[in-house]
Amino acid sequence: MRSLIVGTGSYSPEKVLTNADLEKIVDTNDQWIVERTGIRERHVAAESEATSDLAYAAAVKALEMAKVAPEDVDLIIVGTVTPDMSFPSTACLVQGRLGNKKAAAFDVSAACAGSLYALAVADRFVSTGMAKNALVIGADTLTRITDWTDRNTCILFGDGAGAMVLQPTDDPRRGILSVHLHADGSYGHILNMPGGGSRNPVSQKVIDERLPFIKMKGSEVYKVAVRALEEVCREALARNGVAASDLAQVIAHQANKRILDSTLHRLGVPEEKCWMNLEKYGNTSSASVPTTLDEANRAGRLRPGDALLMMAIGGGMAWGSALVRW
Ligand code: COA
């Protein structure tokens, strides 16, 4: 038995921060940001909004599309590195908002690859019969851990949430064919948030040293990302005997246009097959893949049986791919 994605949903906060707005905050300019990243604007959560609020809004839309009542969900997994609080998990908070009493609920932490990691876990539950209606959410409010004095990072990130509903299917032509996950912890230092956990608990000194914020060695991340994404995409294609030319659509983590262009070029996939939205959302971490999937889905770009390749990479470094017959 395979699992099939039967519903998608996404939510983007109302407030928009443009490159022109950023020019007033740090020493940068629209041209530099667009040329190096492709990003023009990003959405920022309202003061009253936390990650679980974004996650809930995306989940409701995905459940509506799937025609699944919230009380019938039996598994909720949220990929996030910006939970509302250390515990309860964001998944439990979403479950409470949904009024659901029976689902197992937990978060997974794989930064921008969080929703692919969550998808891999949910796929195992559904394909082995342990869950019948699984809700997979990627939700992050990276702007809450963004250092607005650091022009190297603050131009990149935005907030959002995306959700997918998985159900078992007997249809041999459709469903998630395989998910491939990898990590290399020796790269932990090139993209991290060193403060606010048990290593550097919050204190005035830790805040003054600006440790509870994202730190990134951009060019190193760039190099690892291009290599890892190509490898993990080739792994998914080879496992399933699918040629790059057979792909109908690529759904990729929207980190940076240059990373995506380079990865697509190496794979030999034309750019038009990759749904792009980073110019309006920036890098929304684990929200990126399910939000992009939802946009492509609602635009009618995905037809039953189409070969769909998903890919993501984030802090850890952790990365993955999935090959799906829609
Ligand atoms: N505006 C203007 N100039 C900036 C700037 C900004 N926002 N940020 C950095 N610069 C400057 C640097 O200070 C540097 O100046 P210098 O040469 O005088 O020292 C110059 O631009 C080049 O910086 P560099 O970091 O080498 O640029 P880059 O070409 O590597 O581009 C990134 C920077 C961040 C866009 C790029 O490295 C990248 O996209 N990395 C991957 C990041 C990512 O996707 N992370 C998330 C993965 S999930």
Side-chain angles (χ1 to χ4, degrees), residues 3 5-15 43-126 129-145 158-168 193 196-198 202 212 284-291 293-294:
S3 39
I5 300 170
V6 294
T8 59
S10 55
Y11 172 78
S12 190
E14 208 177 303
K15 185 178 166 191
H43 291 245
V44 176
E47 254 177 60
S48 59
E49 282 179 318
T51 298
S52 70
D53 300 314
L54 277 51
Y56 170 77
V60 166
K61 292 183 191 168
L63 290 170
E64 274 170 13
M65 184 188 284
K67 299 190 173 58
V68 170
E71 58 270 25
D72 292 334
V73 173
D74 47 12
L75 176 68
I76 304 173
I77 312 180
V78 179
T80 187
V81 284
T82 46
D84 291 27
M85 50 193 89
S86 289
F87 64 89
S89 67
T90 308
C92 283
L93 297 174
V94 171
Q95 183 197 24
R97 282 281 293 281
L98 289 171
N100 173 290
K101 297 282 183 194
K102 75 170 179 190
F106 57 93
D107 292 355
V108 299
S109 171
C112 301
S115 48
L116 265 189
Y117 267 66
L119 183 72
V121 179
D123 176 43
R124 297 308 185 275
F125 272 77
V126 173
M130 281 179 70
K132 300 244 170 314
N133 289 303
L135 181 57
V136 174
I137 305 172
D140 267 308
T141 46
L142 284 194
T143 68
R144 295 276 152 80
I145 56 167
D159 302 332
M164 301 173 263
V165 178
L166 269 59
Q167 286 178 345
M193 183 179 97
S198 60
V202 171
T284 58
S285 186
S286 64
S288 182
V289 162
T291 298
L293 180 70
D294 183 48

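Residue indices begin at 1 and follow the sequence shown. No experiment lies behind these values; they were computed from the predicted model shown.
Within the structure, every pair that satisfies the salt bridge (Lys or Arg N to Asp or Glu O under 4.0 Å) test and touches residues 87-106, not counting sequence neighbours, is listed here: D53-R97. The side chain to side chain donor-acceptor pair (under 3.5 Å) pairs that include a residue from residues 61-78 number zero, where partners must be two or more places apart or lie in different chains.
Minimum interatomic distance between A131 and P168 (heavy atoms only, all atoms of both residues): O-CD, 4.3 Å. When all heavy atoms of I137 and A59 are compared, the pair lying nearest together is CD1-CB, 3.9 Å. Looking at every heavy atom in both residues, L63 comes nearest to P70 through CD1-CA, 4.2 Å. Heavy-atom minimum distance, E47 versus R144: CA-NH2, 3.9 Å. Nearest heavy-atom pair, T143 versus G158, reported as atom, atom and distance to 0.1 Å: CG2-CA, 4.0 Å. L93 and S52 get closest at one heavy-atom pair: CB-CB, 3.9 Å.
Side chain of D159 to main chain of L142: a donor-acceptor pair is present (N/O by atom type, distance under 3.5 Å, no hydrogens or angles). Distance alone, capped at 3.5 Å, places no donor-acceptor pair between the D140 side chain and the S285 backbone. Between the side chain of S286 and the backbone N or O of A139 there is at least one donor-acceptor pair closer than 3.5 Å. Side chain of D294 to main chain of G162: no donor-acceptor pair is present (N/O by atom type, distance under 3.5 Å, no hydrogens or angles).
When each of T284, D84, T51 is checked for a side-chain hydrogen bond (donor to acceptor under 3.5 Å, both in side chains) with T141, only T51 meets the rule.
N133 has its side chain within reach of Q167: a pair of non-hydrogen atoms, C-beta onward, lies under 4.5 Å apart. Contact of the V68 side chain with the L135 side chain is not registered, since no non-hydrogen atoms from C-beta on lie closer than 4.5 Å. You'll find the side chain of P13 reaches within 4.5 Å of the side chain of L54, heavy atoms only. Put simply, the side chain of L166 does not reach to within 4.5 Å of the side chain of L75, judged on heavy atoms.
A distance of 5.0 Å separates CD1 in I76 from CG in N100, rounded to the nearest 0.5 Å.
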Derivation of the side chain to side chain contact (heavy atoms under 4.5 Å, CB included) call for L98 and V60: CA-CA 8 Å; L98 289 171; V60 166; 4.2 Å; yes
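A donor atom on one side chain and an acceptor atom on the other are not found under 3.5 Å apart for D107 and T80.
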